[in-house]
Q: 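Below you'll find the structure I mean.
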Amino acid sequence: MTYTLEISDDLRERLESHLEEDETYEEFITELVAMYETEGAFLQEGYSE
């Protein structure tokens, strides 16, 4: 099943700045989710618990 997700123009621009050449939003978001599932959290520079 396909869903439509509406995002703000600001978020779209932020996503576009991270896309690799010829990468789709779906591919990028899939990669983000996979990283989150593997690591348990997104890594941030300078982050520590």
Q: Between atom CD1 of Ile29 and atom NE2 of His18, what is the distance when rounded to the nearest 0.5 Å?
A: 12.0 Å
Q: For the pair Ser17 (side chain) and Arg14 (backbone), establish whether a donor and an acceptor sit closer than 3.5 Å, ignoring hydrogens and angles.
A: yes
Q: Could you pull out the closest heavy-atom pair between Leu19 and Thr24, with the gap in Å?
A: CD2-O, 3.7 Å
Q: Measure across Asp22 and Glu27 and return the closest heavy-atom pair with its distance rounded to 0.1 Å.
A: O-OE1, 3.9 Å
Q: Once rounded to the nearest 0.5 Å, what's the spacing between atom OG1 of Thr2 and atom CD of Glu26?
A: 8.0 Å
Q: Where is the tightest heavy-atom contact between Arg12 and Tyr25, given as atom of each residue plus distance?
A: CG-OH, 3.2 Å
Q: Could you give the distance from CD (Glu20) to CD (Glu31), rounded to the nearest 0.5 Å?
A: 6.5 Å
